[in-house]
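Please read the structure below before turning to the comments.
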Amino acid sequence: MEKHLFNLRFASKELTKNSKKCDKEERLEKSKVKKAIQKGNMEVARIHAENAIRQKNQSVNFLRMGARIDAVAARVQTAVTMNQVTKSMGGVVKSMDMALKSMNLEKISALMDKFEHQFETLDVQAAQMEDTMSNTTTLTTPQNQVESLMHEMADEAGLDLNMELPQGQSGSVGSTVASAEQDELSARLSKLRDQI
């Protein structure tokens, strides 16, 4: 499973690299368009313009695919983590069976504490992975935030996008929920650290 995770991350990096390469090619084609127009050769300028647009589209497609692969990699990471915790819990359960057979109360108590510790660790890791997955899945990014960022970047560059942003809910509700979840996770983590 770890090998698949590595392959997914590698593929994502390759797609990002290819996207940057396409961006570079797009800039090169745009400069060729400009030179062809200055020389008055409109047919060549049109060919270079088509190449620039194709390179831009390829770049966006590479980025989109890379983002999807990142989301899948996050889910695979969750599976790897859950598998490790499950194996650890299985070992604890076997030890508990042996302890129950010998009826050593001190050993049983120690094993129960370890089991509870493992279970709390599983909860914290699962919650953290859920949070990570929701933050890395670009497919669920709110469209109004994307468009707002695009407008902000256009304003900084002194450009006008001429786009209308959809009227949506404010982000305060989502941020309040996220901060409450973060506080709960922090409390669990500090509790686990105190037990160690």
Side-chain angles (χ1 to χ4, degrees), residues 1-82 126-182 185:
M1 193 76 114
E2 285 92 0
K3 183 178 179 182
H4 294 299
L5 181 61
F6 174 80
N7 288 338
L8 285 171
R9 288 183 176 156
F10 182 75
S12 176
K13 286 182 182 180
E14 283 294 313
L15 287 169
T16 302
K17 190 168 111 179
N18 287 339
S19 175
K20 289 178 183 177
K21 184 179 177 184
C22 287
D23 287 340
K24 185 177 176 182
E25 290 292 325
E26 177 193 6
R27 287 190 297 273
L28 184 63
E29 291 293 332
K30 283 181 178 179
S31 69
K32 289 179 182 178
V33 169
K34 192 175 186 181
K35 288 177 186 176
I37 290 173
Q38 289 171 345
K39 290 180 181 178
N41 194 344
M42 293 303 160
E43 187 65 29
V44 172
R46 180 178 305 280
I47 292 169
H48 288 300
E50 289 172 357
N51 288 343
I53 290 171
R54 189 179 68 252
Q55 291 294 338
K56 180 180 181 180
N57 290 339
Q58 263 186 307
S59 174
V60 170
N61 287 337
F62 282 139
L63 281 177
R64 186 176 293 126
M65 184 60 75
R68 287 180 178 171
I69 288 176
D70 280 339
V72 171
R75 288 187 176 113
V76 170
Q77 177 64 52
T78 301
V80 168
T81 303
M82 295 297 250
Q128 181 63 34
M129 291 311 296
E130 285 292 324
D131 186 46
T132 301
M133 286 185 349
S134 67
N135 289 338
T136 59
T137 305
T138 59
L139 301 176
T140 59
T141 303
Q143 193 64 29
N144 60 347
Q145 290 179 5
V146 172
E147 291 177 6
S148 174
L149 178 62
M150 288 174 63
H151 276 292
E152 183 181 322
M153 293 295 105
D155 289 344
E156 286 180 13
L159 301 173
D160 184 19
L161 289 179
N162 292 327
M163 293 172 48
E164 290 186 26
L165 288 177
Q167 299 298 324
Q169 298 176 348
S170 67
S172 63
V173 174
S175 64
T176 304
V177 172
S179 106
E181 288 177 0
Q182 187 64 34
L185 288 174

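Just so you know, residue 1 is the first one in the sequence shown, and it goes up from there.
- In terms of the side chain to side chain donor-acceptor pair (under 3.5 Å) criterion, Glu25 has no residue partners (sequence neighbours excluded).
- Applying the side chain to side chain contact (heavy atoms under 4.5 Å, CB included) test to Arg46 and every residue at least two apart in sequence or in another chain returns Glu50.
- Ala45 and Ile37 get closest at one heavy-atom pair: CB-CG1, 3.7 Å.
- Here the closest non-hydrogen pair linking Ile69 and Leu8 is CG2-O, 3.2 Å.
- Residue pairs meeting the salt bridge (Lys or Arg N to Asp or Glu O under 4.0 Å) criterion with at least one partner in residues 29-42, sequence neighbours excluded, are Glu26-Lys30.
- For Leu63, the side chain to side chain contact (heavy atoms under 4.5 Å, CB included) partners are Ser19, not counting sequence neighbours.
- One finds the OG atom of Ser12 at 13.0 Å from the CZ atom of Arg68 (value rounded to the nearest 0.5 Å).
- Residues Gln55 and Ser59 have side chains that never bring a donor and an acceptor to within less than 3.5 angstrom of each other.
- For Asn61, the side chain to side chain donor-acceptor pair (under 3.5 Å) partners two or more places apart in sequence, or in a different chain, are Arg64.
- Expressed to the nearest 0.5 Å, how far NE2 of His48 lies from CG of Asn41 amounts to 8.5 Å.
- For the residue pair Leu15 and Gly66, the shortest heavy atom distance occurs at CD1-N, 3.6 Å.
- Shown here are the side chain to side chain donor-acceptor pair (under 3.5 Å) partners of Ser31, two or more places apart in sequence or in another chain: there are none.
- Residues passing the side chain to side chain contact (heavy atoms under 4.5 Å, CB included) test with Glu14 are Phe10, Lys17, sequence neighbours excluded.
- Taking Ile47 as the reference, Asn51 meet the side chain to side chain contact (heavy atoms under 4.5 Å, CB included) condition, with sequence neighbours excluded.
- Within the model, atoms CG of Asp70 and OG1 of Thr16 stand 6.5 Å from one another, a figure rounded to the nearest 0.5 Å.
- Listed by chain and number, the residues in a side chain to side chain donor-acceptor pair (under 3.5 Å) with Asn18 amount to none (sequence neighbours excluded).
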